[in-house]
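Atoms considered below: every heavy atom in the structure, side chains included; atoms not considered: hydrogens, waters and symmetry mates. Start at 1 and go down the list; that is how both ligands and their atoms are numbered.
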Amino acid sequence: MADATLRKRNATKASQSAASSNDAEDVEVASATSVTTGRLAYLVFSIIVAGFLYMYPDVILQLSEQWLGSSYVESPLPGAGDPHAIDLSADIGKRDAVVEAFKHAWLAYERDAMGDDEYHPISHKGSNLTKAGGIGYTVADSIDTMLIMGLDDEYQRAKEWVATKLSFDRDANFNTFETTIRVLGGLLSAYHLSDDPVFLEKAVDLGDRILTTFDTPSGLPLTMVNLGRRVGVADPDYPGLVSTAEVATLQLEFRYLTLLTDDDIYWKKAEKVMAIIKAARMPPGLATIFMNYQEGRFVPAAIRLGSRGDSYYEYLLKQYLQTNRTEHVYREMYADTMDAIHGHLIKTSMNSHLTYTAELIPERNMNGELSWRLTPKQDHLVCFLGGSLMLGAVTTEALVDEVPIPPKSELLTSHGIRDWKTGAELIRTCMATHETATGLAPEIVHFRIPSDGVDSMLQGQAPQDWYIKGARPRQFPPLDARYILRPETVESLFLAFRVTGDRRYREWGWQIFQAIEKHCRIETGGYASVVNVDELPVRHEDKMETFLMSETLKYLYLLFADASVLPLSDYVFNTEAHPFPVFNPPIRTGFS
Ligand SMILES: *[C@@H]1O[C@H](CO)[C@@H](O)[C@H](O)[C@H]1NC(C)=O
Ligand SMILES: *[C@@H]1O[C@H](CO)[C@@H](O)[C@H](O)[C@H]1NC(C)=O
């Protein structure tokens with residue numbers, strides 16, 4: 001009890017110091033309270049005019065064209081490309097090269113490890129997550145990619161395995177979030193794309209087992225689930241805690257399961273998490289990466305868009321899109337959060353002015369007071385954000401129902417333009433982190449700040465903008481230096497290409513694909529992680545992560561496919577790249 005009280009007080013302190021680090025906001029609040037009567041009348045008039053223009057944006061477009069005539073030039077959106085040069089049709093050669101890569105990965109796995117959870121392409125072996133037996137981690141994650149790529153033979157064999165071999169009756173602990181996004185998500189997409197009832201049957205079985213994790217005092221789901229015993233299990237490494245991204249990245253999957261089964265239970269449990277988060281968020285819209293599952297509160301911990309934070313932000317937008325933009329609560333939460341990110345986390349690098357996201361790390365002084373230290377560290381995971389911001393700009397901040405491709409700045413709100421620009425810049429930054437010996441980006445980069453001591457450490461060889469922390473010549477590389485076949489940059493390139501039609505995004509995607517082919521491809525089959533992206537020849541780590549086949553190669557395929565394949569107006573992708581259809585909710589949903 002004493003412990004809980006302490007946490008509560010700390011949380012309040014945390015929110016105060018986070019807010020006071022942004023003086024601009026304090027100033028705005030002060031001036032709003034001293035509005036005089038004259039200014040009030042002006043304000044009311046402005047609000048009416050703004051409201052009118054918001055509802056009838058065409059009026060201002062027509063008027064501005066009349067006033068300004070042909071000399072009227074829209075303010076350009078960076079990264080939107082030349083509107084006369086867009087081409088959304090397939091690049092067949094590159095698309096088919098990605099299919100070939102997928103087959104190189106899948107056929108090796110099938111040959112050496114069919115049905116095992118994970119694959120080790122150098123030793124030609126599979127392994128399971130637990131001793132209790134596999135749960136189809138790789139197979140379930142890969143099926144929808146086969147369906148999308150039209151690989152019918154491979155699909156038939158994988159489906160046969162699901163129908164006859166897949167079992168969730170495993171007496172062991174599995175990560176709730178990973179099992180949901182990879183296995184449940186994969187089965188749901190496979191069901192949508194194939195209409196084969198076996199996938200739904202398996203998805204319902206798995207969903208019911210995972211449902212038990214939500215039985216906590218707050219309703220926040222526990223980190224692990226014993227699938228065989230059907231019981232949630234707390235994470236012994238973080239007693240009392242669950243991570244924000246993990247509890248807030250089950251919603252697309254559980255909501256879709258309700259749509260398919262007509263059983264509200266999945267929807268209600270997942271939605272409750274969002275209500276808890278909305279009530280618990282610290283002003284102004286910031287969320288730390290850990291919550292206490294007894295009380296449903298945030299606890300002092302890092303605030304970041306990388307690990308344990310990332311897909312919480314992603315799913316705010318995607319929940320709004322999944323239900324066809326009908327649940328405004330998610331639009332509001334997303335807008336607040338993007339404001340907070342711009343206010344506190346978006347920074348610019350010292351020399352080349354690369355836009356990046358920093359992290360806020362809580363620190364306690366000798367009196368136990370909490371303060372926040374800004375750390376210029378960006379996970380490769382954050383690279384999802386560029387494309388997500390661009391997609392969010394043309395959906396949540398659009399002044400018209402359908403924004404054209406490429407969008408025009410006058411069809412977006414000022415926040416939409418802000419988000420768009422940040423998104424395009426973040427993609428540029430993520431591409432800059434690929435400027436390594438291999439052309440692959442490391443797991444974590446640090447951006448240069450004047451006080452980082454890097455200059456004196458590396459005397460004259462210090463990089464201008466970013467570096468891999470702890471990397472020393474001729475020493476074993478730190479984990480930060482790895483590339484483990486992650487998809488986030490190509491995911492952003494896919495989204496950016498779809499909303500712009502700008503061929504530059506395809507060129508960047510092709511560069512990354514070629515680097516993967518050159519440095520990760522194993523001759524005998526499969527792809528392996530690289531231990532240090534800045535070292536040639538590369539050293540491999542004997543592991544092919546399942547997201548290579550579910551995400552990296554799927555997003556690359558879709559980047560080069562015709563844009564009518566899984567259009568963004570009709571689909572949302574879960575955080576493991578499994579596409580779900582957009583729908584109008586059949587039940588009364590949302591909360592406020
Ligand atoms: C993984 O689990 C499955 C199902 O129990 C089993 O058939 C297979 O042999 C296991 N693989 C390994 C490498 O232990
Ligand atoms: C989404 O809503 C629009 C109307 O705003 C409607 O035209 C469209 O058919 C809906 N999409 C789906 C998939 O229900």
Heavy-atom closest pair (Glu253 atom, Ile181 atom, distance to 0.1 Å) is OE2-CG2, 3.8 Å
Heavy-atom donor-acceptor pair, Trp420 side chain to Pro78 backbone, under 3.5 Å: yes
Within the structure, is a non-hydrogen atom of Gly115 found at a distance of less than 4.0 Å from ligand 1? no
The closest protein heavy-atom partner of atom 4 (C) of ligand 1 is Arg170 NH2, 3.5 Å
Note to self: Check whether Tyr483 reaches the backbone of Arg486 with its side chain - one donor and one acceptor, N or O, closer than 3.5 Å.
What the structure shows: yes
Before signing off on this row, confirm whether Asn128 and ligand 1 have an N or O atom pair separated by under 3.5 Å. yes
shortest atom 9 (O) of ligand 2-to-protein heavy-atom contact is with Asn324 ND2, 4.7 Å
Val582 heavy atoms within 4.0 Å reach ligand 2 at atoms 13 (C)
### Query
So, are Arg503 and Asp91 salt-bridged, with charged N and O less than 4.0 Å apart?
no
_Whether Arg308 engages the ring of Tyr238 as a cation-pi pair (distance to the six-membered ring centre under 6.0 angstrom, angle to the ring normal within 45°) should be assessed._
yes
| field | Salt bridge flag under 4.0 Å for residues Lys125 and Glu118 | value | no
- Task: Ignoring hydrogens, tell whether any protein atom lies closer than 4.0 Å to atom 2 (O) of ligand 1; use the non-hydrogen atoms only.
- Result: yes
Heavy atoms of Arg209 and Asp205 approach each other most closely as NE-OD1, 2.9 Å
When distances are taken from atom 8 (C) of ligand 1, the protein heavy atom at minimum range is Asp116 OD1, 3.6 Å
**Prompt:** For Thr212 and Arg229, does a side-chain donor sit closer than 3.5 Å to a side-chain acceptor?
**Reply:** no
With only distance considered, is Gly134 within less than 3.5 Å of ligand 1 through an N or O on each side? yes
Within 4.0 Å of some non-hydrogen atom of Gly133, the atoms of ligand 1 are 2 (O), 5 (O)
Query raised in the report: What do you reckon, does Lys125 put a non-hydrogen atom under 4.0 Å from ligand 1?
Result: no
Give a yes or no on whether atom 11 (N) of ligand 2 lies under 4.0 Å from any heavy atom of the protein.
yes
